[in-house]
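Have a look at the structure below before the remarks.
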Amino acid sequence: LTNEAGLDEDLDLSLSIPGTNLQYNYVNNIHLSSSEVKWITLNLNIPNNMDRGINLVKLDLKAHGESDTVKTSYWQFIVA
């Protein structure tokens with residue numbers, strides 16, 4: 001995570017796998033100072049019945065505060 005804003009931010013990170021009911025509130029209360037970079041390691045437990053091939057993980061980053069802004073990103077992963 002990189003804070004490109006000029007202000008400190010407090011964030012929550014959640015992830016889900018679209019098309020399934022798998023949702024995780026992964027990390028809460030991440031504090032990023034202005035211009036700070038933090039590495040967040042994600043471990044995802046893949047169910048045995050997951051379809052083989054390319055799948056997507058949806059990452060939602062929610063800023064605390066009045067606006068409760070959500071930024072969404074998708075990452076691919078492969079189930080062999």
Side-chain angles (χ1 to χ4, degrees):
L1 300 174
T2 303
N3 184 356
E4 296 177 350
L7 303 170
D8 292 0
E9 292 194 78
D10 293 309
L11 310 164
D12 294 333
L13 176 64
S14 62
L15 59 92
S16 60
I17 300 176
T20 72
N21 59 356
L22 296 174
Q23 256 185 322
Y24 306 94
N25 286 333
Y26 205 80
V27 181
N28 292 321
N29 297 316
I30 303 166
H31 180 78
L32 282 177
S33 298
S34 176
S35 301
E36 183 178 9
V37 175
K38 279 191 180 176
W39 288 95
I40 305 292
T41 302
L42 303 173
N43 294 313
L44 179 63
N45 294 323
I46 306 296
N48 292 334
N49 62 349
M50 189 81 180
D51 290 338
R52 292 180 180 200
I54 297 173
N55 292 274
L56 289 177
V57 152
K58 178 182 174 189
L59 299 151
D60 290 318
L61 193 60
K62 182 178 180 182
H64 296 190
E66 294 178 20
S67 65
D68 286 332
T69 303
V70 175
K71 293 191 178 186
T72 300
S73 180
Y74 293 89
W75 288 354
Q76 293 183 346
F77 68 97
I78 298 173
V79 176

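Legend: side chain to side chain donor-acceptor pair (under 3.5 Å) pairs involving residues 8-21, not counting sequence neighbours, sorted by first then second residue: Asp10-His31, Asp12-His64.
Atom CZ of Phe77 sits about 4.0 Å away from atom CD1 of Ile17, to the nearest 0.5 Å. Considering CG of Asn43 and CG of Leu15, their distance stands at 10.0 Å, rounded to 0.5 Å. Note that CD1 of Ile40 is 4.5 Å distant from CD1 of Ile30, once rounded to the nearest 0.5 Å.
Under the 4.5 Å side-chain heavy-atom criterion for ILVMFWY residues, no single connected hydrophobic cluster contains both Leu13 and Leu56.
Here Ser35 pairs with nothing under the side-chain hydrogen bond (donor to acceptor under 3.5 Å, both in side chains) rule; sequence neighbours left out. Legend: residues meeting side chain to side chain contact (heavy atoms under 4.5 Å, CB included) with Glu36, ordered by chain and number and at least two apart, are Leu32, Ser33, Lys38.
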Begin with the C-alpha distance, continue with both residues' side-chain angles, and end with the deciding distance and a verdict on side-chain contact (heavy atoms from CB on, under 4.5 Å) for Leu59 and Leu42.
-> CA-CA 10 Å; Leu59 299 151; Leu42 303 173; 3.6 Å; yes
List the steps and the verdict of side-chain contact (heavy atoms from CB on, under 4.5 Å) for Asp60 and Lys58.
-> CA-CA 7 Å; Asp60 290 318; Lys58 178 182 174 189; 3.4 Å; yes
